[in-house]
Structure formats: structure tokens, C-alpha cells
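To keep things clear, I will list the structure first and then write my remarks on it.
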Amino acid sequence: MPELPEVETIVRALRPALVGKSILSADLRWPRSLAAPTPLAFARRVKGQKIEEVSRRAKYFILHLSSFSLLIHLRMSGDLLVKEGAYIPAKHDRLHLRLSDDTTLVFSDPRKFGRLWLTADPEEVLGDLGPEPLDPSFTPQIFYERLHIRRRQLKPLLLDQTFIAGLGNIYTDEALHMARLHPLAQSDSVTAEQVEALWRAVREVLEEGIRSNGTSIDWVYRGGEFQNQLRVYGRAGQPCPVCATKIERLVIGQRGAHFCPACQPFKE
DNA sequence: CACGAGACCTGTTCGC
DNA sequence: TGCGAACAGGTCTCGT
């Protein structure tokens with residue numbers, strides 16, 4: 001589920017419920033969700049830690065603890081919620097953190113792809129991430145340079161978290177459509193004007209997504225509204241909102257890519 | 001370096 | 001109704 005806007009939505013929702021609380025105990029219900037350290041060390045180190053702040057980097061949720069950072073990547077189906085009082089574990093719960101105000105932070109993850117890291121040095125996990133697209137330091141000039149250093153198809157490149165951090169399958173398709181660029185276009189052949197359009201589109205779809213509290217589709221529902229504004233994602237066969245041409249779907253890098261063949265013509 | 005395929009997982013939906 | 005295939009918001013690793 002979660003791309004940058006969904007993770008940002010969760011951060012904003014959970015921050016007031018978590019900051020200032022202490023962790024009384026951990027119940028790791030699916031050990032393989034934990035990337036590091038070992039389950040035993042995790043339980044020992046996390047106990048008694050105070051939650052100082054909650055933030056996000058790319059699609060990573062970050063709990064800043066007294067002496068560690070707990071990083072959580074939700075991958076395809078992960079979710080984080082805070083439950084009040086005595087809590088009955090649910091089927092897909094992978095971690096419970098019992099908190100000092102009689103609440104429980106629950107990491108739920110049906111597909112078990114999500115990962116947790118408890119580390120004193122978050123850079124070990126986050127170090128290879130590319131620029132944060134909504135950060136002021138991410139400029140069209142930097143974007144142009146990065147696009148032109150390599151020769152890659154645009155769609156897989158935008159999904160590459162070392163190239164740009166936070167985009168996933170929905171928002172890349174939406175951004176490429178808004179910028180009128182074909183998902184298979186070569187990164188080093190986009191003009192400065194096209195880069196400018198893509199730069200603006202990436203930021204616009206992410207900001208729109210955040211304003212809508214993210215996208216909720218299928219059985220994973222978070223209360224977001226952005227699914228009602230999708231222009232191409234998941235709309236194969238339906239009319240393009242701009243020109244009414246039928247949206248097409250291609251598989252690129254094993255991911256579905258949705259685009260309008262008229263608005264996003266393929267050259268070369 | 002760029003790209004495709006396979007793995008990791010469970011659940012839902014679609015076609016016959 | 002049943003049953004297998006396809007598909008799903010992500011990322012890693014391996015082979016060409």
C-alpha cells in the first residue's frame with residue numbers, strides 16, 4: 001500500500017499518539033519481520049525506550065527512541081495503528097509495542113513483506129536512498145543531471161529508490177501522465193522542459209496524495225481519498241480524463257504501467 | 001550498467 | 001459452486 005503520501009499520512013496520524021510515551025514491552029509475533037538485530041536483542045533494547053519523535057524518510061516510518069531508531073518499512077501490505085486499552089491480537093499482527101499510556105502500537109502486515117530495524121545508526125539502512133522529492137534541495141537542475149547520468153526507462157527509474165525516494169507504482173504512473181511522458185521513454189533523452197514538467201508533476205501528485213490522506217484501494221483501507229482522483233493508475237480500458245483515449249496497461253519491470261497512448265506518445 | 005526473472009507472502013478477483 | 005490463474009501500493013538477488 002504505502003508510498004510516500006500514505007506513510008506521511010500515517011506519521012501525521014500517529015505522532016500525537018506516540019510522542020512522549022515509553023515502550024513497556026515488545027511482542028514480536030512474526031520474527032522474520034525483524035531485519036535487525038536478533039529478536040532477543042530487540043526485545044531487550046526496545047524495552048524502556050521513550051519515543052522522542054516520529055518522522056519519515058522516503059517510505060520508511062521512523063520512531064526516534066532515547067538511544068535507538070526503530071525504522072519500519074510497510075512494503076506492500078503493512079499498516080501501523082494504535083489501539084487503546086486491552087487489545088486482542090488480530091490475525092496479521094506482526095509486532096505489538098505496549099506503551100506507557102495503556103495503548104499498543106500494532107504493526108499489521110498480511111503479506112509479511114514489511115521490515116523492522118532497531119538501530120543506533122539509521123544511515124546504515126537509509127544511506128543509499130535518493131533525494132526526497134518534496135525537499136527544497138531537490139531542484140529541476142539536480143533532477144535533470146540525475147536523469148541524464150544514466151540511460152534507463154523512466155518508469156523503472158522513478159521506482160528506483162536510490163534514484164528518487166518515495167515514489168511507488170501509483171504515483172509514478174500519475175506523475176508520468178501529468179508530465180505527458182511515456183513510461184518507456186529513455187531518461188537521458190528527456191529535454192529540460194520535460195524534466196521541468198516531470199519535476200513539477202512528481203511534486204504535485206505527491207502533495208495531492210498527502211492532501212487526500214493517501215490512496216485506499218482493495219481490501220487495505222486507510223481512509224485516504226486519492227483513489228477517486230487517479231487519472232491512469234488502475235484505469236486500463238477507461239477513458240483518459242484529458243483526451244478520452246483509452247488508457248493502456250503495459251508490464252514494465254514486472255510492474256503494471258498505466259498510461260494514455262495519446263497524451264504520452266512513445267517516440268523512437 | 002540496464003534489464004528480466006525469481007523470491008519473499010497472503011488475499012482477492014476474474015475467467016471458465 | 002469450484003478451482004486455478006492473475007493480480008496487488010515493494011524490494012532484494014541473481015543471471016545475461
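Every chain is numbered from 1 and lettered A, B, ... according to where its sequence line falls, protein lines coming before strand lines.
- Comparing C:dT11, B:dA2, B:dC8 by their closest approach to the side chain of A:Arg32 singles out B:dC8.
- Contact check for A:His64 versus A:Ile62: side-chain heavy atoms found under the 4.5 Å cut-off.
- A pairwise comparison of heavy atoms in A:Ala26 and A:Leu95 identifies CB-CD1, 4.5 Å as the closest pair.
- Of the candidates C:dA8, B:dC3, B:dG11, the closest approach to any side-chain atom of A:His92 belongs to B:dG11.
- For B:dG6, its base sits under 3.5 Å from the side chain of A:Gln254 at one donor and acceptor pair at least.
- Residue side chain A:Phe113 fails the stacking definition with respect to C:dT11, as its ring centre and the base's six-membered ring centre are not both under 5.5 angstrom apart and under 30 degrees in plane angle.
- Counted within 6.0 Å of CG on A:Asp128, heavy atoms from surrounding residues, nucleotides or ligands total 12 or fewer; the atom is thus considered open.
- The separation between A:Arg94 atom CZ and B:dG11 atom P is 8 Å, rounded to whole Å.
- Taking side-chain N and O atoms only, A:Lys112 has no distance below 4.0 Å to OP1 or OP2 of B:dC8.
- Closest to the side chain of A:Arg150, out of B:dA2, C:dG10, B:dC9, is B:dA2.
- Among A:His177, A:Glu3, A:Lys155, A:His258, the one residue that satisfies the side-chain contact (heavy atoms from CB on, under 4.5 Å) test with A:Thr172 is A:Lys155.
- Figure legend: A:Arg56 and A:Phe61 shown without cation-pi pairing, the cationic atom not lying both under 6.0 angstrom from the six-membered ring centre and within 45 degrees of its axis.
- As rounded to whole Å, 17 Å separates atom P of B:dA7 from atom CZ of A:Arg75.
- Nucleotides B:dG6 and C:dA5, compared at atom P, are 15 Å apart to the nearest Å.
- Taking atom CZ on A:Phe163 and atom P on C:dG10, their separation rounds to 17 Å, with Å as the unit.
- Dashed line: the shortest gap from a side-chain N or O of A:Lys91 to OP1 or OP2 of B:dG11 is under 4.0 Å.
- Per the geometry, CG belonging to A:Leu157 stands 13 Å off C1' belonging to B:dC3, to the nearest Å.
- Salt-bridge annotation for A:Arg211 and A:Glu225: absent, with no side-chain N of the basic residue lying under 4.0 Å from a carboxylate O of the acidic one.
- Among the duplex regions that DNA chain C forms, those built from at least three successive Watson-Crick or G-U pairs under 3.5 Å are B:2-8 with C:10-16, B:10-16 with C:2-8, ordered by first number.
- Taking atom NZ of residue A:Lys155 and atom C1' of nucleotide C:dG10, one finds them 12 Å apart after rounding to whole Å.
- Closest contact between the side chain of A:Gln153 and the listed nucleotides B:dC9, C:dG10, B:dC3 involves B:dC3.
- The separation between A:Arg115 atom CZ and B:dC8 atom P is 11 Å, rounded to whole Å.
- Atom CH2 in A:Trp117 sits roughly 11 Å away from atom C1' in C:dG10 (whole-Å rounding).
- The shortest distance between side-chain heavy atoms of A:Asp109 and A:Asp79 does not fall below 4.5 Å.
- Remark: A:Arg152 is in phosphate contact with B:dC3, judged by side-chain N or O atoms under 4.0 Å from OP1 or OP2.
- Atom CE in A:Met76 sits roughly 13 Å away from atom C1' in B:dA7 (whole-Å rounding).
- The side chain of A:His73 contributes an N or O atom lying less than 4.0 Å from OP1 or OP2 of C:dT11.
- Distances from the side chain of A:Arg249 to the nucleotides B:dA2, C:dG10, C:dC7 place C:dC7 closest.
- Using modelled atom types and a 3.5 Å distance limit, the side chains of A:Tyr87 and A:Asp102 yield no donor-acceptor pair.
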